Amino acid sequence: MQPLADSATDVWAGAAGHLVPGMADRHRLLGLGAFEAGAEGAEVHLSSGRKVLDFGSYAVPLFGHRPEPVTGAVRDALDTMPVSTRLLANPYAARLAARLAQTVDPGRLNRAWLGLNGSDAVEAALKLALARTGRSTVLAVEGGFHGKTLGALATTFDPERRKAVQGFLGAVRHVPAEPDAVARAAAEEPFAALIVEPVQGEGGGRAFPAELLRRWSEDAHAAGAFVIADEIQCGLRRCGAVSLSVEAGMRPDAVLFGKALGGGVMPLSAALTTDELFAPLVEDPYFHTATFAGHPLSCAAGLAALDLLDASAELFPAAGEALAGAVAAARREHPQVLVETRVQGLFGALEFATEAQAGLALLEASRRGLLLAQCLTAPRVLRMLPPVVTTAEQWEQAASALLAACRAVERKTVR
């Protein structure tokens, strides 16, 4: 088998010349001129021979890179039937849908629409709600992020990215995080659905209290609207429960999963819904389809990931404590640059005094072998999204790198 690239020069030439130049520059900077060449567990191996801890892959490798149960399941599916005919029954999709229904909210969230990324699930849920109610508007929450395809982008609270395609976006009202916000919106105009992240990912790691989520859900249901819980980044025990919205008592009509659902190996997402919300697809099976929805390799990965979610349940509390300790130490020692920190499960948010400081911290951490993720719509915030399989030695490395990065930022920016 030919190597993927002969040298870093080939990679940067291909990326800068044929992909997005600005992203290529950013990747080159964070990798110190090297590219990702392999990965295992919490580590990514670079072409330069360095190893870095991956706490920044947007919540995808929850079980680390290349977890054997998942890669093994994908290999088995690859050797059997790697794509579906779309004309005959797909056993992988059927098994995954049944497993999700049994896992998340048995007897209530009975139906699944399967996609490949988070936006797929968002689009499906929104389309079902609009069709089921006959209403043309949707409510979303300020600070929320739901993707960048047109329907998902309409609900994303990011005016800069929405304005270029504003004329193609649906009617969405963004409400503030206030208890009576949904009730006020319902009094002004009917809406088809409320979509909300229980923990805002790109919005800075803001977690909404269970009582607030319940209030919003009750008010939306009272207005004849559906409730869509976007747990693409925060669900599947990343922030605690398998489903935060179900645990909070929201009684959502749809729960959306993605990122970690593919076990860190394959792209996979799901919109798990009630029978009532799913009705348009019962009436017309072709109402919303996609060529690779229910892809056998992805579904095989999803089934193995759900097995891992059960098998590794006892690891999550200790990992969460380790993350909380590392974040607290950084906040305690560097209050001049870290103005606020938030931790929920395996989601850590580090809020810096300025966007420039956050960007510098991202670079300084990567230089010290720790990859973090900057929040897209809250750029002063960096996320720490560690795999649950991070070892004790790796936690020490991560905590040390974080402190050193904050120290460097303080030295360079605080007078």
Side-chain angles (χ1 to χ4, degrees), residues 26-27 29-32 34 36 39 41-46 50-62 64-65 199 201-202 204-207 233-234 238-239 315-376 378-414:
R26 181 180 177 88
H27 294 161
L29 187 64
L30 290 176
L32 301 180
E36 54 191 25
E43 289 183 333
V44 173
H45 305 166
L46 304 184
R50 292 177 66 225
K51 295 180 181 179
V52 295
L53 291 173
D54 186 4
F55 283 26
S57 283
Y58 304 101
V60 171
L62 178 61
H65 290 276
V199 178
E202 299 291 349
R206 179 170 59 160
Q233 185 163 168
C234 65
R238 168 61 69 180
C239 291
L315 300 179
F316 281 85
E321 289 177 8
L323 175 61
V327 169
R331 173 76 173 93
R332 184 171 59 249
E333 295 192 24
H334 300 284
Q336 288 185 288
V337 293
L338 273 179
V339 297
E340 187 177 348
T341 58
R342 298 175 287 279
V343 176
Q344 181 152 337
L346 290 180
F347 190 122
L350 309 164
E351 185 168 343
F352 288 80
T354 68
E355 182 179 340
Q357 286 181 338
L360 180 58
L362 185 74
L363 179 59
E364 294 290 346
S366 70
R367 287 174 174 171
R368 291 161 174 80
L370 177 64
L371 297 180
L372 303 174
Q374 195 163 13
C375 290
L376 187 63
R380 292 194 299 124
V381 180
L382 299 185
R383 282 165 291 175
M384 293 186 74
L385 301 165
V388 71
V389 296
T390 304
T391 67
E393 180 181 0
Q394 289 168 340
W395 277 116
E396 291 180 8
Q397 295 171 6
S400 176
L402 178 60
L403 287 172
C406 290
R407 189 160 50 248
V409 171
E410 190 171 291
R411 185 176 65 250
K412 293 179 180 181
T413 63
V414 178

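Positions are given from 1, in the same order as the sequence printed here. All values reported here derive from a predicted model rather than from experimental measurement.
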Q) Got a sec, which residues hit side chain to side chain contact (heavy atoms under 4.5 Å, CB included) with Thr341, two or more places apart in sequence or on another chain? A) Val327, Arg331, Leu338, Leu350
Q. What residues, two or more places apart in sequence or in another chain, satisfy side chain to side chain contact (heavy atoms under 4.5 Å, CB included) together with Pro386?
A. Phe55, Arg238, Leu323, Leu346, Thr390, Trp395
Q: Taking atom CZ of Arg26 as the centre, report whether more than 12 heavy atoms of other residues, nucleotides or ligands fall under 6.0 Å from it.
A: no
Given side chains that start at C-beta, do those of [X] and [Y] come closer than 4.5 Å, heavy atoms only?
| X | Y | value |
| --- | --- | --- |
| Leu62 | Phe316 | yes |
| Asp54 | Glu43 | no |
| Arg407 | His334 | yes |
| Val414 | Gln357 | yes |
| Glu202 | Arg383 | yes |

Q: Could you tell me which residues satisfy side chain to side chain donor-acceptor pair (under 3.5 Å) with Gln394, sequence neighbours excluded, listed by chain and number?
A: Thr391
**Q.** For Ser400, all residues meeting side chain to side chain donor-acceptor pair (under 3.5 Å), sequence neighbours excluded
**A.** none
For [X] versus [Y], what's the shortest heavy-atom pair and its separation?
| X | Y | result |
| --- | --- | --- |
| Arg50 | Ser366 | NH2-O, 3.2 Å |
| Ala405 | Ala365 | CB-N, 3.7 Å |
| Gly205 | Ala349 | CA-CB, 4.3 Å |
| Gly201 | Cys375 | O-SG, 3.5 Å |

Q: Indicate yes or no: does Arg342 engage Glu351 in a salt bridge with an N to O separation below 4.0 Å.
A: yes
Interatomic spacing from [atom1] in [X] to [atom2] in [Y] - rounded to 0.5 Å:
| X | Y | atom1 | atom2 | value |
| --- | --- | --- | --- | --- |
| Leu370 | Leu402 | CG | CG | 6.5 Å |
| Leu53 | Arg368 | CG | CZ | 14.0 Å |
| Lys51 | His45 | NZ | NE2 | 4.5 Å |
| Ser57 | Leu385 | OG | CG | 8.5 Å |

Q: Tell me, please, which residues at least two apart from Glu410 pass salt bridge (Lys or Arg N to Asp or Glu O under 4.0 Å).
A: none
(Q) Phe352: which residues meet the ring-ring contact (aromatic ring centres under 6.0 Å, His included) condition with it, sequence neighbours left out? (A) none
